[in-house]
Structures are given as C-alpha cells and as structure tokens.
Amino acid sequence: MDFELSREHQALRRLIRDFAEGEIRPVAQSLDREGRVPWENIRKAAEIGLLGVPFPREYGGLGAGEIGYCILMEEIGRVCQSTAAILGAHIGIGAMPIYLDGSEDLKRRYLPDLCAGKKLAAFALTEAGAGSDAASIKLRATREGDSYFLDGQKVWITNGPIADVICVLAVTDPALGARGGATAFVVETKWEGFKAGAPEHKMGLHGSATSVITFDNVRVPRENVLGQVGLGFVTFMKTLDIGRVSLGAATLGGAQASLEAAVRWAKARTQFGLPIAHKQSIQFMIADMAAEIEALRSLVYRTAWLVDTGRPFTKEAGMCKLLGSEIASRCIDRAVQIHGALGYSRNNPVERGFRDARIAEIFEGTNEIQRILIAEQVFREVGVRIRP
Amino acid sequence: MDFALSEEQQMFRDLFREFARKEVWPRAEHTDKAEQLSVEVVQKAAAQGFLGMPIPEAYGGAGLDYLSTCLLLEELGRACLSTAVTVAIQTALVGLTVLVAGDEAQRRAYLPRLASGEVLGAFAQTEPEAGSDVSAIQTTARRDGDTYVLNGIKSWVSNAGVAGLFLVMVQVPGENGRNGLTMFLVERDTPGLILGYREPTMGLRGLTIHTVYLENCRVPASQRLGAEGEGWAIASGALDRMRLALAAAALGLAQAALDLGRRYAAERSQFGVPIATKQAIANYFADTVTEIEALRSLVYRGAWLYDRGEDFRGLAAMAKLFGAQVARNAANRMLQVHGGYGFSDEYAISRLYRDARALDFLGGTTQIQRVIIAQDVFRELGVEVKP
C-alpha cells in the first residue's frame with residue numbers, strides 16, 4: 001500500500017492550491033452575494049489546464065486521472081463550492097460521458113474545446129417528473145432520416161444557462177422505457193429550438209447558474225448520438241458513478257474549509273479570559289470534524305484509485321457522496337456553532353459554506369438513493385436481490 | 001498512490017481469515033459464556049506465530065509489518081473481540097513496547113516468550129484515581145540498592161488473570177505528575193504482586209480484568225523499562241499503537257455485525273417479503289457499510305504511516321475514535337435488524353453489541369482521543385490543548 005500522492009499529483013495540488021487561493025478565494029464572497037458566474041476564473045482555470053484534468057492528453061486534457069480530478073475538486077471546494085459546482089458539471093458529468101462512451105469523432109470534435117474552456121458543458125437527466133426515479137424520463141427523441149428531433153424539458157440543470165454543449169438523455173423507444181429505450185445525445189445549445197430558462201433562486205451555490213432547459217423540436221444529427229442507441233441510461237448512470245467520487249472530493253474540500261475556519265476562530269476568540277480553543281466543548285467539536293475528514297479523505301482517494309486502476313467502484317462511489325455530503329454538512333454546522341452569531345452573519349464565509357453545503361445531500365442522486373444503491377450492492381454480494 | 005495490499009499481505013489476510021473462521025468464531029460464544037479465554041485458541045494462535053506478529057524474527061517473532069498485524073486484528077475482531085483484544089495487548093501494547101523501550105537483555109528475556117505464547121502480557125497503568133489522568137498515578141517505586149520496591153493498586157488490568165508479565169507504571173520519589181512516571185516489567189510470580197477482584201463486565205468477558213495489588217513487591221533494577229521518568233513517553237507510544245490495533249479490531253467487529261445482520265435480513269420475512277427489501281432496513285446497511293469502508297481506509301492509512309516510521313499519533317486517535325463509533329453503530333443497527341431476537345443470548349449479535357460498548361473507553365476514552373486530536377489540530381497554531 002502507498003497512501004502518498006505521486007510527485008506529479010503533488011505538483012498538481014500545489015498548482016491548484018495556488019490558483020484557488022490567489023484567484024478564487026478573493027472573489028468567492030462576492031460571487032455568492034451577486035449571484036454572478038465567475039467567467040474570469042473559468043477562463044484562467046482553462047489557461048492552466050484545469051478544465052481537462054482527468055482526460056488524456058490526446059484530447060487536450062492533463063491526463064491526471066480521477067485522482068487528479070479529485071485533487072481539483074477538493075482544492076476548489078475548499079475555497080468556493082459554486083466554482084466547484086461549475087467545474088464539476090462541466091468536467092465530471094458534462095464532458096465525462098463523451099469521454100466514456102462517445103465515438104472517436106465526438107471525442108475529437110468536443111473534448112479539446114471543452115478542455116480548453118472554449119466551450120462549457122452540462123449534463124441533463126432530471127425532469128419535473130423524474131428525480132430519484134430517473135428511469136421515468138419523458139423527453140422524447142424522434143428519428144427522422146439522419147436526424148433526431150428532441151422535444152421536452154429538463155429541470156435543475158447546473159450550467160444550463162451558460163453551457164454550449166449538453167449531454168441529454170432522451171427517450172427513443174417509449175415501449176422499452178429508460179432501460180433499452182433511452183439514448184444519450186450531445187446537443188449544442190446554439191441549435192434552433194433550444195432554450196434555457198432563467199436561473200433558479202437557490203439557498204446556496206449562488207455563483208453557479210441552474211435552470212430549466214427546453215427542447216422545442218431541436219434537430220440533432222445522428223453523429224451526435226452518444227454511445228449506442230437505446231443504451232443511454234447506462235452511459236448516464238456510469239457518468240454519475242464517477243461524478244459521485246469527485247463530488248465526495250468537493251465535499252471533502254468544503255469540510256476541510258469548515259475545520260480551518262473553526263480552528264482559526266477558536267484561537268482568536270476569547271471568552272472567560274481564554275481563547276475558546278481551550279474549552280473542551282470546542283475542542284471536541286473540532287476533533288470530531290478532523291476525524292471525520294480524515295476518514296473521508298482516505299475513502300475518497302481510495303475510490304479514485306479504484307477508478308484509475310480499472311477496478312469496480314460503484315459501491316464506494318456512492319459511499320463517497322453519501323458520507324462526504326453528510327460529513328460536510330455536520331462540519332459546517334459545527335463551524336457556524338463555534339463562530340456563534342458571527343457565523344450567522346452574511347459577512348462570514350462560514351455562513352455561505354453552511355448554505356452551499358446542503359445541496360450535496362440532494363444533487364447527483366439524493367442520499368436516499370445512494371443508500372438504496374449501496375444496500376443493493378451489499379446484498380448482491382451474498383446473492384440476494386432487494387429490488388425487483 | 002496504491003491502495004492494494006501486497007501479495008504477501010493478501011496471503012496473510014486469507015490465512016488470518018481462515019483461522020478466525022475455523023478456530024476462533026466457533027469458540028467465541030463459549031468464551032463469552034465461560035468468561036474465560038479459550039486456552040486452545042490462544043495456543044493455536046501462538047502456534048501460527050500470531051502472538052509475535054510484529055516482533056522481529058531475531059526475537060522469535062514473525063517480523064511482519066504493522067499493517068499485517070492490523071489485518072490479523074481485523075480478522076480476529078470479526079470472530080471474537082476478547083481474542084482480538086488479547087492479541088492486541090500481546091503485540092501492540094506489550095511486545096512492541098518491550099522491543100521499543102527495552103534493553104537488549106530485556107528483549108532477549110521476554111520477546112521470545114511473548115511471541116511463542118509461553119507468557120501472556122498485561123498492561124497495568126490504570127488506578128482507582130488515575131484513569132484518563134495518567135499523571136495522577138500513586139503507585140510508588142522506592143529504590144533499594146539493586147532493587148525497587150513497588151507499592152500501590154492497579155485496577156482494570158485486562159488479562160491479569162492469565163498474564164505472566166505485567167508492564168507496571170509507577171511514580172518514583174522526588175518527582176510528581178508525568179515527570180516521575182516510570183515503567184517496570186514485573187513477572188506474575190514476583191512476591192508482592194497479588195491478584196485481586198475480578199471485574200464482572202458487560203462484555204469482553206473472555207478478558208480476565210482484575211485489580212492488582214503491589215505490596216512491597218521487590219523487583220531487580222534490571223526490570224526497569226527505560227530510565228526513571230521515561231514512563232510517560234513509553235506509555236504514550238504503546239497506547240498510540242494500541243489505538244490503531246483496537247481500531248482494526250473494531251473494524252472487524254463492525255464487519256461481523258454487518259455479516260450477521262445481512263444474513264438475518266435476507267432470511268427473515270415480514271409482510272410477505274424478506275425484510276432486506278424494506279428501505280427502512282436497507283438504509284441501515286448502507287450507512288453501516290459506508291462507515292466500515294471509511295474506517296477501513298483510515299485504519300490501513302494509519303498502519304501505513306506507522307510502517308513508514310512517520311508520526312501516526314493523530315491518525316491513530318482518529319481511527320480509535322471513529323472505530324468505536326462505527327463498531328457501536330454497526331452492532332446497534334444490526335441488533336435492531338434482528339428485532340427481539342437480537343436481544344436474545346442465542347444470537348451472536350447481542351454479544352457483539354455488549355463487546356462493542358467497551359471500545360469507547362478501552363485503550364483511552366473517546367474523550368481522551370478527542371483531546372489528542374485537538375492537540376494535533378491546534379499545535380500548528382501554537383495553542384496548547386490540555387486534557
């Protein structure tokens with residue numbers, strides 16, 4: 001066993017840490033306050049190669065694999081969850097399905113531009129009537145000659161209003177439904193009939209734009225079918241599996257930031273004649289945070305390693321997301337508590353962290369769904385099926 | 001990064017698992033009921049070299065790394081926590097402490113006997129008034145020529161009933177608090193070492209936990225482990241190792257609880273279907289297995305740090321803190337899965353539940369683990385955290 005990052009990955013972490021501290025942290029509060037997408041930082045991230053961290057160099061990526069990608073999400077998540085959400089939607093679930101199952105033509109046409117930041121990506125699965133029950137999607141794709149025509153609506157699409165390229169799951173054969181009758185498409189948002197709605201007003205992640213997107217008879221050429229016709233659901237689920245590892249990494253960064261803020265404040269704040277760091281009530285909250293964070297860190301990087309070495313990782317990926325989101329929520333809650341009323345002030349980054357953390361228990365598959373998927377694996381190992 | 005066990009480690013893990021399944025698990029219920037370690041299990045473990053796992057071959061041990069020792073304790077913990085804790089005491093707490101702190105004569109005298117199982121070890125630190133606060137130890141050692149005379153009371157000494165060698169923590173005169181703490185190797189048949197009351201415990205009933213009296217117990221100066229005043233440092237290192245060892249055993253217990261619950265949930269039908277198909281039950285498994293995998297990653301990482309010779313103190317405390325919680329959560333949830341049957345002594349899960357409760361104080365309370373972790377976190381900022 002070797003729990004140490006390679007020299008290349010260590011260098012990558014230093015690069016990203018410097019970028020996050022130098023460029024992202026100074027604007028993180030204002031992004032939240034103004035609900036502004038950080039275009040400038042997306043461009044700068046692209047310039048130093050961060051938009052292609054996990055992808056091979058031949059497609060314009062950095063070739064740093066899932067471990068590298070988790071480093072990115074942890075470090076960005078540590079300073080700004082909005083920026084992490086934008087990059088996660090772009091890289092981890094927007095571009096990822098093209099890399100996983102796209103034809104060579106699709107990869108060559110899209111990945112270099114996505115890695116270079118010339119285009120932004122998104123991932124469109126959820127519909128008004130299909131959340132945890134993703135298989136009940138209705139958005140229709142009808143074949144006519146060499147084209148498909150997409151009709152319908154997707155909701156809660158991260159990067160929806162700002163994306164140039166969206167991977168969309170649509171029903172090509174209603175008789176078969178999602179399993180066998182759903183197909184993934186790569187859709188360019190400039191095509192006629194595509195429309196993004198107004199950004200949603202959210203509790204947190206104010207710097208990341210999320211919206212409804214509608215498809216009004218959008219013509220998609222056959223070459224933009226992603227993977228095989230009828231197998232889109234598989235591609236999408238596979239993408240979400242990988243996305244859950246890096247989401248776990250982003251929550252790890254958020255939890256780490258909570259700990260750092262709590263420790264700094266506990267040292268600075270004096271009550272009863274001593275810094276509150278000397279009180280066991282405070283120390284023990286901080287100790288629990290540190291222990292949970294190290295357990296999560298070990299799990300996230302082990303799972304990333306499973307991905308990079310081609311081992312099965314579905315169960316562990318769900319664990320990264322489930323454990324990560326709940327640890328991050330607990331940690332930021334404790335950080336707010338340690339800050340007292342100041343932690344409730346919108347001038348304090350922990351207040352933003354508290355609002356930003358909540359969504360990780362919901363998106364990319366609710367934690368309720370993660371639990372079912374994990375339990376399913378646990379019982380499958382002993383030959384028992386717990387779902388029909 | 002490489003999270004795979006080496007081929008050798010995998011081979012040993014399979015061997016440990018087979019041993020635990022075949023030899024330890026079938027006797028675990030009896031160990032609990034008889035309130036005695038199974039002599040047979042201990043002898044067989046000794047014959048396999050398990051009692052000297054991390055001890056160098058030159059001293060009669062198996063010379064394996066600490067990660068392998070943790071793999072052993074994990075597998076034993078899966079079968080019987082009393083047995084796992086016994087092996088943890090023998091290897092992490094006593095054996096390695098003699099190796100690290102002992103002089104050559106002490107190593108030659110005791111390590112081969114500890115590794116072969118000829119002698120079982122015990123760690124006598126706690127006193128009626130000195131639990132988490134080790135500096136409050138009142139047992140004294142008075143120098144008298146080439147000997148020391150020990151006087152005091154040690155409580156909660158695990159395996160005192162079967163041990164042949166005690167590591168005893170005392171205060172030497174003229175010092176107080178941590179500065180006077182000194183450790184001695186005291187053999188069971190030394191006059192003045194008297195076995196007292198055995199604690200009747202909720203769980204871990206295979207351990208014979210006793211009060212030990214030292215009444216004018218005279219030991220040669222050559223039995224002093226390290227110098228006078230070095231006891232604190234020696235015990236700290238020993239307990240750091242023990243915490244990782246106990247976290248590994250906790251990991252095994254959590255896995256065992258999951259295995260029991262899983263089998264039960266798959267077989268037990270209510271409302272016409274196995275209860276495993278109910279989300280209320282399935283959720284317990286998701287949470288438990290997620291915590292187990294996080295704990296596994298943490299324990300192995302701690303052992304890996306130890307094997308590289310790096311500072312592993314903070315991580316060991318985290319693993320122990322988290323391990324106790326994970327094991328207790330697992331046992332509690334899986335007992336719930338069993339319904340009323342889980343409350344019956346007929347079902348192993350009830351033993352696991354009682355055994356798991358000890359993990360929140362054995363080897364240092366959960367509260368002390370938090371102090372150690374907080375010390376680590378605040379040290380960088382120059383804030384001294386006191387217990």
Side-chain angles (χ1 to χ4, degrees), chain A residues 1-6 9 67 259 263-264 266-267 275 277-278 280 282-284 286-306 308-309 311 315-316 318-320 322-323 368 370-379 381-388, chain B residues 1-6 9 67 258-259 262-263 265-266 274 276-279 281-291 293-301 303-305 307-308 314-315 317-319 321-322 367 369-378 380-387:
Chain A
M1 286 201 166
D2 182 2
F3 286 76
E4 195 167 55
L5 290 173
S6 68
H9 280 133
I67 291 177
L259 174 66
V263 167
R264 264 197 314 274
K267 187 193 175 190
H278 290 276
Q280 288 195 333
I282 304 296
Q283 291 166 6
F284 284 15
I286 283 170
D288 287 344
M289 290 163 84
E292 289 183 358
I293 287 168
E294 288 310 326
L296 177 62
R297 179 166 284 129
S298 312
L299 181 65
V300 165
Y301 284 98
R302 185 174 129 211
T303 308
W305 170 84
L306 291 176
D308 283 342
T309 54
R311 292 169 161 86
K315 185 174 73 175
E316 288 79 1
M319 293 174 175
C320 289
L322 171 64
L323 197 69
E368 289 66 36
Q370 304 310 322
R371 287 189 165 92
I372 292 306
L373 296 175
I374 294 165
E376 209 170 22
Q377 301 273 339
V378 169
F379 281 98
E381 286 162 13
V382 290
V384 176
R385 287 171 63 94
I386 64 166
R387 281 210 299 184
Chain B
M1 284 190 161
D2 179 6
F3 289 81
L5 295 173
S6 70
Q9 286 162 342
L67 181 55
L258 182 95
D259 294 343
R262 174 163 55 182
R263 201 175 315 139
T277 62
K278 300 290 178 191
Q279 293 194 341
I281 300 297
N283 279 339
Y284 283 142
F285 287 91
D287 288 341
T288 302
V289 73
T290 298
E291 290 176 6
E293 287 307 330
L295 175 61
R296 179 167 286 131
S297 312
L298 191 59
V299 169
Y300 294 177
R301 189 171 137 211
W304 169 80
L305 271 182
D307 284 329
R308 281 174 39 124
L315 220 60
M318 291 180 190
L321 169 72
F322 191 58
Q367 288 66 37
Q369 307 315 315
R370 290 192 173 109
V371 168
I372 293 167
I373 296 164
Q375 280 172 339
D376 242 35
V377 171
F378 281 103
E380 292 164 25
L381 294 185
V383 177
E384 192 196 348
V385 170
K386 289 178 187 155

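Scope of the values below: all heavy atoms of this structure, side chains included, with no hydrogens, waters or symmetry mates. In what follows, chains carry the letters A, B, and so on, assigned in the order in which the sequence lines appear, proteins first and then strands, with residues in each chain numbered from 1.
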Check whether [X] gets within reach of chain A through its side chain, its backbone, both or neither, counting any heavy atom under 4.5 Å.
X: B/Glu380; result: neither
X: B/Ile281; result: neither
X: B/Leu305; result: neither

Can you tell which of [options] has the highest number of heavy-atom pairs within less than 4.5 Å of chain A?
options: B/Val383, B/Leu381, B/Asp376; answer: B/Leu381
options: B/Ala374, B/Ala276, B/Ala282; answer: B/Ala276
options: B/Arg296, B/Arg301, B/Glu291, B/Met318; answer: B/Arg301

Discussion item. Counting heavy-atom pairs closer than 4.5 Å to chain B, which one of A/Arg371, A/Gln377, A/Met319, A/Arg302 comes out on top?
Written reply: A/Arg302

Worksheet item: Which residue out of A/Val384, A/Ile67, A/Asp288 racks up the most heavy-atom pairs below 4.5 Å with chain B?
Response: A/Asp288

Practice prompt. Show the numbers, then the answer: is there a side chain to side chain contact (heavy atoms under 4.5 Å, CB included) between A/Met1 and B/Leu5?
Written response: CA-CA 6 Å; A/Met1 286 201 166; B/Leu5 295 173; 3.5 Å; yes

Practice prompt. Kindly write out the residues that satisfy side-chain contact (heavy atoms from CB on, under 4.5 Å) with B/Thr288, not counting sequence neighbours, or none if the list is empty.
Written response: B/Leu258, B/Ile292, B/Ala330, B/Arg333, B/Met334

Which atoms of [X] come close to chain B, meaning under 4.5 Å heavy atom to heavy atom: side chain ones, backbone ones, both, or neither?
X: A/Glu4; result: both
X: A/Val378; result: both
X: A/Leu322; result: side chain

Discussion item. Rounded at 0.5 Å granularity, tell me how far OH in B/Tyr300 sits from CZ in B/Phe3.
Written reply: 13.0 Å

Worksheet item: To the nearest 0.5 Å, how far apart are CD1 in A/Ile386 and CZ in B/Phe285?
Response: 9.0 Å

Practice prompt. Give a yes or no on whether B/Gln279 atom CD has more than 12 heavy-atom contacts from other residues, nucleotides or ligands under 6.0 Å away.
Written response: no

Worksheet item: Partners of A/Tyr301 by side chain to side chain donor-acceptor pair (under 3.5 Å), sequence neighbours excluded?
Response: A/Arg13, A/Glu74

Worksheet item: Is the backbone N or O of B/Val371 less than 3.5 Å from a side-chain atom of A/Gln283, with the two atoms forming a donor-acceptor pair by type?
Response: no

